[in-house]
K.L.:
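The following block contains the structure, expressed as structure tokens.
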2 protein chains.
Amino acid sequence: MLDKSHKHVTCSTCMSRSSSLLGGLCSDEVTNLEDHKTCNYYKKSQSLFLEGSFPRGVFCINQGKVKVFKRGDEGKEQIIHIAKEGEMVGFRAMFSGDPYNVAAETLEESNICFIAKDDFLNMMDTNVTLRNGIIKELSKELSDRASFITNMAQKSVRERLAFALILLKGVYEPEPINLSREDMANFVGTATETLIRLLKDFKEEGIIEVHTRKLTILNLDKLVSIAGK
Amino acid sequence: MLDKSHKHVTCSTCMSRSSSLLGGLCSDEVTNLEDHKTCNYYKKSQSLFLEGSFPRGVFCINQGKVKVFKRGDEGKEQIIHIAKEGEMVGFRAMFSGDPYNVAAETLEESNICFIAKDDFLNMMDTNVTLRNGIIKELSKELSDRASFITNMAQKSVRERLAFALILLKGVYEPEPINLSREDMANFVGTATETLIRLLKDFKEEGIIEVHTRKLTILNLDKLVSIAGK
DNA sequence: CTTAAAACTTGACACTTGTCATTTTTTCAA
DNA sequence: TTGAAAAAATGACAAGTGTCAAGTTTTAAG
């Protein structure tokens, strides 16, 4: 349970920042950031931003998890990414000038800071390390999405589920994976019923263990071999 | 038929450049670019770069078309993007320091210039317009790929084909679409046989017209309504 | 603690889509 | 022009996956 009263997270001591894109800031810049950012406690399932709205700044996750998703024609969510502590969310659309083409929502209670667009763009102008970090991050995500597309197009649901569980392990570690069946299905790109059946198979094959919603991976090697390269 | 003897494309008069990311260069920079770039004629199906190799620079398409693709587990290509005149290819991996995670190959004979990595990065350091253009482009592609993923996950092959044909129209205009069935299938993310059957349906429905490999869209509205939003 | 709502699970079934085999057409080089 | 190779097309069939409907379990609010 997060401390709701402790509204303000201090950048200079934020453990999530040091390993993030904002890790390369000098102390002046951290002080400046400190003065300009706001910090908020979010309950589970609260929206950070909606598809179609215009970006006002970036979100830094201090604590918690956020799903980034897009709705298809029939309103079904496709989860593009699940962000955890130390990640920044919502900066892409800021550069293009376009409205968000994805939405973001907390998956659990979270502490998330907010840096206004102008402040962030100013920092990017003056800080080469930050700027290069952002460009690198954008490139890396582009690469991830090329793989995502290829997986969607060519792998079976079983293979994609194995792949997704490996990713989710990285997101939730050292905790067990804790995601609703529907969200998991929307991440894998399948129907909830199909996902449940396949999870059952994995249980019976001794690959995973499930207690209510908490899922633990027992045999990672097996998952890797199912997921393919 | 391109003029193979005319090896050197002049940046200052290149019509493809003016509408590209390099459109914002000042005349000094264009002169500098001119001195540092090389220009090559490519036959159909020639490789620009391979998945796994390290980027040495960026490719500017003066004339022709290039497919950017990734191979899945069984070696099947998934086409991520088809680039035409005026587009730049292969710059993403340059920023991340990682090897290419995609490959690029000409779809037809092409004139393509090459700017070495160092020269390009220098230009980016000194030219704010170019730099912002690149960041914007990366963001835009990220957005496109989120939609691509969602389409893959939620649309039927018929819907995806309609969507793909609309995109391809934009790439080939004012010429008819001219792509092998296999490439088209690898773009849509389906088996070649399935693609052929669906094209046949579209023909019978009067939506498209096909002469050997050249495909013309007769009823764009219908395609749009099939593709969905 | 109780109860309603939400989430999860299971079963039955149909249909889209991929695979394999074969034939036809097109391309392109000799 | 001709022949071989590549590309395109068609048919048959099975498997994977989505949908719908009905049940069960878990969650969370009163």
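Chain letters run A, B, ... following the sequence lines, proteins first and then strands; every chain starts at 1. Please read these numbers as outputs of a predicted model, since none were measured by experiment.
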K.L.:
Could you tell me if B:K37 sits above the aromatic ring of B:F114, with its cationic atom closer than 6.0 Å to the ring centre and no more than 45 degrees from the axis?
P.N.:
no
K.L.:
Looking only at the side chain of A:T212 (C-beta and beyond, no hydrogens), which of the listed nucleotides C:dT26, D:dT26, D:dT17 gets closest?
P.N.:
D:dT26
K.L.:
Check whether the side chain of A:R197 and the base of D:dG16 form a donor-acceptor pair under 3.5 Å.
P.N.:
no
K.L.:
For D:dA9, does either OP1 or OP2 sit under 4.0 Å from a side-chain N or O belonging to B:R181?
P.N.:
yes
K.L.:
Start at the 5' end of DNA chain D and walk down; is the nucleotide closest to B:L179 or to B:A153 reached first?
P.N.:
B:L179
K.L.:
To the nearest 0.5 Å, what is the distance between CD1 (B:I112) and CD (B:E87)?
P.N.:
11.5 Å
K.L.:
Write down the protein N/O and nucleotide N/O pairs, taken from nucleotides 28-30 of chain C, whose separation is under 3.5 Å; answer none if there are no such pairs.
P.N.:
none

K.L.:
When the nearest nucleotide of DNA chain D is assigned to B:E182 and to A:S156 on a heavy-atom basis, which residue is associated with the more 5' position?
P.N.:
B:E182
K.L.:
Starting from C1' on D:dT17, measure out to CE on B:M152 and report it in whole angstrom.
P.N.:
17 Å
K.L.:
Strictly below 4.0 Å, N to O, side chains only: are A:E205 and A:R158 in salt-bridge contact?
P.N.:
yes
K.L.:
Between B:D201 and B:R197, is the salt bridge (Lys or Arg N to Asp or Glu O under 4.0 Å) condition met? List the steps.
P.N.:
CA-CA 6 Å; B:D201 291 346; B:R197 284 181 242 270; over 6 Å; no
K.L.:
Using a strict heavy-atom distance below 4.0 Å, which residues from residues 184-196 of chain A are in contact with DNA chain C?
P.N.:
A:E193, A:I196
K.L.:
Within 45 degrees of the axis of the six-membered ring of A:F69 and under 6.0 Å from its centre: does A:K67 put its NZ or CZ there?
P.N.:
yes
K.L.:
Nearest-Å distance, CZ (A:R158) to P (D:dA15)?
P.N.:
16 Å
K.L.:
Heavy atoms under 4.0 Å, any strand shown: does B:R213 hit a base, just sugar-phosphate, or nothing?
P.N.:
sugar-phosphate
K.L.:
Measure from CD on B:E74 to C1' on C:dG18 and round the result to the nearest Å.
P.N.:
12 Å
K.L.:
Which value, rounded to the nearest 0.5 Å, describes the distance between B:L198 atom CG and B:R160 atom CZ?
P.N.:
10.0 Å
K.L.:
Would you say that more than 12 heavy atoms from the other residues, nucleotides or ligands in this model lie under 6.0 Å from the CD of A:E182, or not?
P.N.:
no
K.L.:
Using a strict cut-off of less than 4.0 Å between a Lys/Arg side-chain nitrogen and an Asp/Glu carboxylate oxygen, indicate whether A:K70 and A:E77 qualify as a salt bridge.
P.N.:
no
K.L.:
Can you measure from OG1 (A:T106) to CZ (A:F59) and round to the nearest 0.5 angstrom?
P.N.:
11.0 Å
K.L.:
Do any side-chain nitrogens or oxygens of A:K200 fall under 4.0 Å of OP1 or OP2 in C:dT9?
P.N.:
no
